[in-house]
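Worksheet: the structure to be examined is printed underneath.
Excluded from the calculations below are hydrogen atoms, water molecules and symmetry mates; all remaining heavy atoms, backbone and side chain alike, are included. Keep in mind that this is a model prediction, so the values were computed, not measured.
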Amino acid sequence: MDFLFEELIEILLEIIIDGSFGALESKKCPFILRIFAVLLITLLYGGLLGVIGFIGFVLVRDGALVGGIVVFACDLAVLVLMLFELRKVIRKRAERKNSDNI
């Protein structure tokens with residue numbers, strides 16, 4: 001029964017996240033829905049990073065200093081990688097917009 005529940009949650013989250021990414025790139029999708037998709041993706045990934053950070057905090061508080069620092073470092077690395085990817089996407093869109101105006 002647990003396996004079925006895990007598969008159902010995985011399929012639902014995959015549909016939501018893939019649909020949100022698809023809505024971001026679609027010009028046919030209304031602007032309000034694209035904003036909603038950005039907020040949804042930001043909340044999902046922000047929540048995930050928040051949970052990982054909380055786990056690191058709990059590890060440090062419970063005395064597992066090395067484990068907590070490793071978890072915090074992984075959390076920070078994922079955040080930095082996400083910000084670099086966001087920067088790359090913003091630059092690509094700006095270049096595309098500039099090439100359309102020429």
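Between K88 and E85 the shortest side-chain heavy-atom distance falls below 4.5 Å.
Two different hydrophobic clusters hold I52 and M82 under the rule that ILVMFWY side chains link at heavy-atom gaps under 4.5 Å. Cluster membership check: V78 shares its hydrophobic cluster with L44, using side-chain heavy-atom separations under 4.5 Å among Ile, Leu, Val, Met, Phe, Trp and Tyr. Each of I55 and V70 belongs to its own hydrophobic cluster when Ile, Leu, Val, Met, Phe, Trp and Tyr are linked at side-chain heavy-atom distances under 4.5 angstrom. Taken together through direct or relayed side-chain contacts under 4.5 Å among Ile, Leu, Val, Met, Phe, Trp and Tyr, L81 and Y45 form parts of separate hydrophobic clusters.
Shown here for I69 and V60, the closest heavy-atom pair between the two residues is N-CG2, 4.3 Å. Counting all heavy atoms, side chain and backbone alike, F72 lies closest to F57 at CZ-N, 3.4 Å. Closest non-hydrogen pair, L79 versus L49, comes out as CD1-CD1, 3.8 Å.
Summarising the geometry, atom CZ belonging to F36 is positioned 9.0 Å from atom CG belonging to L43; distances are rounded to the nearest 0.5 Å.
Classification of K92 and E95 as a salt-bridged pair fails, no side-chain N sitting under 4.0 Å from a carboxylate O.
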